[in-house]
Structures are given as structure tokens and as C-alpha cells.
Amino acid sequence: MTPAEIIPPMLARLREEHPDAKYELDWTTPFELLVATMLAAQCTDERVNRVTATLFKKYQGPRAFAEADTAELEEDLKPTGFFKQKAKSVQLMSRELLARFGGEVPTTIEALITLPGVARKSANVVLNTAFNMPTGIIVDTHVARVSQRMGLSQKDKPEEIEKDLMKVVAQDEWTFFGPATVLHGRYTCMAKKPQCSTCGMADLCAKNGV
DNA sequence: CTCCCGATAT
DNA sequence: ATATCAGGAG
């Protein structure tokens, strides 16, 4: 099967599996989602949520992060790993937001990726999830793995996988396809022990010789 | 390409 | 002991 043939039935199966696919990060404002997404690098959502539960009470809005004591912020972010990088990125991002965007999270991908610590993946998460804007397709480690296994892309760089996906997935499905495929990758098509025997779309999968 | 980082699964 | 986890920067 070609990618174009796989996508329609794949979307149907994804809809059965995850009827209201949404990101599992906890947030109440676009700014909080942006910060949470930045903290999610190489870290499970569950641990990010554990940290942000107290973090977002302590620091409310970009000004609080911009003016925070860096060493203290590093300590607060420690459980998420890469804490020095993340503290620096979150702080610089907050300052840029105040300096250039009036403290508001921009709503274009071009503007978002100019922020320190924000690339296409994080930008797409914020735009797809908080603003429901189909600016692109989230390609994280899960979407990359599922796309490769199912034969939707032969590329390995997330940005190129995203291009391949954008060609075959209709734009009005982008905000569903991304989050739903993340969940499929997380709970069924796992990195180590994919649950092919119970997978609802095994018959569409290149891994099974389709 | 390497580095950043620690917790958890296998 | 090693791979992996909702990545991005230099």
C-alpha cells in the first residue's frame, strides 16, 4: 500500500482508538502549554505534569519566569532532566515574549520558532493544541517511529518526516493526526515492545509486509 | 555531529 | 548494562 492509500483507513482506526485525542500535558494557558512542551524533551508527560503542578503556581506568566532566579529555576526543573538547558531556554523565551510579543504567545509558526528552545515540534504542539491551528504536523519520537514502521516515510529527520506526512494527510486532519498518532505510538506502537497482535491497524502496516 | 540530564523499563 | 523517554542548540 502507498502512504496515500494507508492514511484514510489509518485515520479511521485512530479515531476509534483515540476519539478525542488530545495532548496529555496539563495546562491552562497557551503560555503554560509552551513551557510544558519545552520541558517535555526526553521526558515523559507524567513527570512534566508532576513538575508543572507546583511550577505554575509558583511562577505565573512570562514575567515571573523572566525575573526568576536562574539557579532556583534550575532546581525547580531538575526532575525533567536537561534542567540547565531548559531553565535557560524557558527564561530566555519568556524574556523574548515580553520584549517582542507583548508577553503573548505568538500564533504563527514562523514567530514561534524564533523563540529560544522552540522548534517546529513544540510550535506545532502549541498551535495545534492551544489554538487549533493546522500549521503543521507534530513529529515527535512517537510519530517518527510510527510513520517509519508503517511505511509513511523513509526519512529519519523529523522535519522531513513532517513534509512527507503533510503531503498525504489532508490539512483539516493535521491537528487530529498528530496527537492521535502520538498516543498510538505511546500505548500501542511502542519503541521496544510494539503490541502488533492487538494493534487495530496492523493490516495497514509495512512492518507486517503490507 | 555532540551535548545536555535523570528516571524508568528491559 | 543499555535503551528510551512528547527535543533543541551549538
Side-chain angles (χ1 to χ4, degrees), chain A residues 14 17-18 20-27 30-53 55-56 65 70-97 105-106 109-131 135-149 153 155-163 165 174-196:
Chain A
L14 283 173
E17 233 178 68
H18 307 286
D20 45 16
K22 67 173 193 68
Y23 248 54
E24 299 189 323
L25 291 172
D26 295 333
W27 56 279
F31 175 75
E32 285 189 2
L33 178 60
L34 179 56
V35 173
T37 305
M38 294 171 73
L39 299 183
Q42 299 294 307
C43 177
T44 61
D45 278 9
E46 194 187 342
R47 202 171 338 135
V48 172
N49 288 337
R50 227 179 293 149
V51 169
T52 55
L55 188 77
F56 291 153
F65 283 98
T70 305
E72 193 177 337
L73 184 57
E74 286 177 0
E75 204 57 34
D76 293 331
L77 300 186
K78 208 156 208 168
T80 69
F82 296 169
F83 62 90
K84 287 193 177 182
Q85 301 274 63
K86 289 176 182 176
K88 188 177 174 186
S89 291
V90 168
Q91 195 152 47
L92 290 177
M93 180 279 290
S94 298
R95 289 175 185 161
E96 288 289 297
L97 222 52
V105 175
I109 196 157
E110 292 79 11
L112 270 169
I113 61 178
T114 66
L115 295 169
V118 183
R120 284 195 67 89
K121 184 260 169 178
S122 296
N124 278 329
V125 168
V126 171
L127 294 170
N128 284 7
T129 308
F131 297 108
T135 50
I137 296 175
I138 297 164
V139 178
D140 66 352
T141 179
H142 296 300
V143 177
R145 184 177 62 250
V146 171
S147 299
Q148 287 165 345
R149 282 184 180 160
S153 177
K155 307 291 174 52
D156 53 345
K157 286 191 238 171
E159 204 164 308
E160 303 203 354
I161 295 173
E162 186 186 354
K163 276 186 201 163
L165 293 175
W174 290 358
T175 60
F176 170 76
F177 180 87
T181 305
V182 170
L183 294 181
H184 179 69
R186 171 160 182 152
Y187 295 113
T188 305
C189 193
M190 296 99 100
K192 291 201 172 173
K193 280 168 55 179
Q195 313 291 98
C196 300

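Order of the sequence lines fixes the chain letters, A, B, ..., with proteins taken first and strands second; residue numbering starts at 1 for each chain.
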A/Val125 near the nucleic acid: base, sugar-phosphate alone, or nothing, with a heavy-atom cut-off under 4.0 Å? nothing
Separation of atom CG in A/Leu33 from atom P in C/dA6, rounded to whole Å: 16 Å
d(CD, A/Gln42; C1', B/dC4) in whole Å: 10 Å
Between A/Pro116 and A/Thr44, which is nearer to the 5' end of DNA chain C once each is assigned its nearest nucleotide? A/Thr44
Identify whether any heavy atom of A/Arg145 sits under 4.0 Å from a base atom; if not, whether one sits that close to sugar-phosphate; answer base, sugar-phosphate or nothing. sugar-phosphate
Okay, side chain of A/Thr114, backbone of A/Ala111: is any donor-acceptor separation there less than 3.5 Å? yes
Determine, for A/Lys163 against A/Glu159, whether the closest basic-nitrogen to carboxylate-oxygen distance falls under 4.0 angstrom. no
Is A/Lys121 reaching over with its side chain to a backbone N or O of A/Asp140, donor-acceptor style, under 3.5 angstrom? no
Which part of the nucleic acid, if any, lies within contact of A/Leu25, taking any heavy atom under 4.0 Å across all strands shown: a base, the sugar-phosphate backbone alone, or nothing? base
Scan A/Ser122 against the nucleic acid and name what it touches under 4.0 Å (heavy atoms): base, sugar-phosphate only, or nothing. sugar-phosphate
Which nucleotide wins on minimum distance to the side chain of A/Ala119, given the candidates B/dC4, C/dA6, C/dA9? C/dA9
Hey, is the main chain of A/Thr80 close enough, under 3.5 Å, to the side chain of A/Lys86 for a donor-acceptor pair? yes
Rounding to a whole Å, what distance do you find between A/Asn49:CG and B/dA7:P? 18 Å
Here's a test of your reading of the structure: between A/Lys192 and A/Cys43, which maps to the more 5' nucleotide of DNA chain C? A/Lys192
Atom C1', compared across C/dT4 and B/dC5: separation rounded to whole Å: 13 Å
Within this structure, what is the NZ-to-P distance between A/Lys121 and C/dA9, rounded to whole angstrom? 12 Å
Using the P atom on both, measure B/dA9 against C/dA6 and round to a whole Å. 12 Å
